[in-house]
Amino acid sequence: EGVQPAAPTKRLERVTKPWTAGDPSQLGVVAEEFVYVWTETGTDVGWIHAELASNQAKVGWLPQCILQELPEGQRWMRAKQKWQARDESQCSVEVGEFCLVWVSSLTKEGWTYVECQDSADKGWLP
């Protein structure tokens with residue numbers, strides 16, 4: 001039996017500067033937009049294949065220099081379900097909301113500290 005190749009890995013990233021596609025293989029984006037990058041496609045000359053988070057049918061190459069560099073232990077994630085905070089230390093989120101997650105803060109109970117992009121809410125989220 002053959003070994004199945006691993007599924008491609010995508011990571012959510014935030015664009016810091018607008019980029020106008022120079023040809024049909026490139027992806028045009030605006031500042032503050034979110035994209036999913038295919039992590040294994042990064043090139044030696046600084047390009048990476050991406051798709052718009054708002055419309056994954058729109059794909060193309062982007063220069064990596066326009067993507068936000070995050071500190072170690074942080075990454076962007078998108079909420080898969082709604083959560084209503086139960087006290088002031090927690091964060092409420094809506095489905096699809098983009099959140100900056102401190103992955104290094106993950107507790108053994110499954111909580112992590114987040115800052116949500118749309119609502120500007122911050123706190124603990126399961």
Side-chain angles (χ1 to χ4, degrees):
E1 278 182 40
V3 175
Q4 293 285 33
T9 305
K10 289 192 267 185
R11 183 179 63 233
L12 186 63
E13 298 280 353
R14 186 175 173 190
V15 174
T16 59
K17 299 177 207 162
W19 177 259
T20 302
D23 66 54
S25 72
Q26 295 179 14
L27 180 63
V29 293
V30 296
E32 308 301 312
E33 191 163 23
F34 286 91
V35 295
Y36 288 103
V37 298
W38 296 83
T39 57
E40 64 280 339
T41 64
T43 69
D44 293 338
V45 291
W47 290 82
I48 195 160
H49 204 258
E51 57 195 46
L52 295 181
S54 62
N55 179 356
Q56 294 179 1
K58 293 191 177 185
V59 300
W61 292 94
L62 283 177
Q64 291 181 5
C65 65
I66 68 164
L67 301 175
Q68 181 181 22
E69 288 187 44
L70 293 175
E72 185 72 29
Q74 292 181 13
R75 66 182 267 209
W76 287 104
M77 293 185 179
R78 197 170 196 176
K80 290 185 177 181
Q81 67 185 54
K82 181 177 179 169
W83 174 262
Q84 183 61 46
R86 297 182 181 161
D87 65 43
E88 64 279 350
S89 71
Q90 297 178 9
C91 179
S92 295
V93 295
E94 296 294 328
V95 173
E97 189 167 2
F98 297 106
C99 298
L100 184 58
V101 178
W102 272 254
V103 291
S104 58
S105 72
L106 183 64
T107 68
K108 65 182 179 194
E109 294 84 8
W111 290 79
T112 190
Y113 191 80
V114 303
E115 284 185 20
C116 292
Q117 177 68 24
D118 298 333
S119 65
D121 199 7
K122 52 177 99 168
W124 291 93
L125 190 66

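Residue indices begin at 1 and follow the sequence shown. Because the structure is predicted, anything quoted here is derived from the model rather than measured.
The same ILVMFWY cluster, assembled from side-chain heavy atoms under 4.5 Å apart, contains both Ile66 and Leu27.
Under a 3.5 Å cut-off, the side chain of Thr9 and the backbone N or O of Thr39 do not form any donor-acceptor pair. Between the side chain of Arg78 and the backbone N or O of Leu12, no donor-acceptor pair lies under 3.5 Å. The main-chain N or O of Leu70 is never found under 3.5 Å from a side-chain atom of Gln74 such that the two would form a donor-acceptor pair. Glu97 places a side-chain N or O within 3.5 Å of a backbone atom of Glu94 that can act as its donor or acceptor partner.
Summarising the geometry of Ser92 relative to Ala85, their closest heavy-atom pair is OG-N, 2.8 Å, with the distance given to 0.1 Å. Closest non-hydrogen pair, Val103 versus Arg75, comes out as CG1-CG, 3.8 Å.
In this structure, the side chains of Lys122 and Cys91 stay at 4.5 Å or more apart for every pair of heavy atoms. For the pair Val29/Leu52, a side-chain contact is recorded, criterion being any heavy-atom separation below 4.5 Å from C-beta on. Residues Leu125 and Val101 have side chains not in contact (no heavy-atom distance under 4.5 Å, counting atoms from C-beta outward). The shortest side-chain heavy-atom distance between Val15 and Leu67 falls under the 4.5 Å cut-off.
To the nearest 0.5 Å, the span separating CG on Leu62 from NE2 on His49 amounts to 9.0 Å. In this structure, the separation between SG on Cys99 and CE on Met77 is 10.0 Å, given to the nearest 0.5 Å. Separation of atoms CD (Glu13) and CZ (Phe34) is listed at 10.0 Å; rounding is to 0.5 Å.
Among residues at least two apart or in separate chains, side-chain hydrogen bond (donor to acceptor under 3.5 Å, both in side chains) pairs with a member in residues 50-68 are Lys10-Glu51, Trp38-Glu51, Gln68-Trp76.
More than 12 heavy-atom neighbours from other residues, nucleotides or ligands sit within 6.0 angstrom of CD on Glu109.
Gln26 and Trp47 share no side-chain donor-acceptor pair at under 3.5 Å.
Partners of Ser105 by side chain to side chain contact (heavy atoms under 4.5 Å, CB included), not counting sequence neighbours, listed by chain and number: Trp102, Thr112, Tyr113, Trp124.
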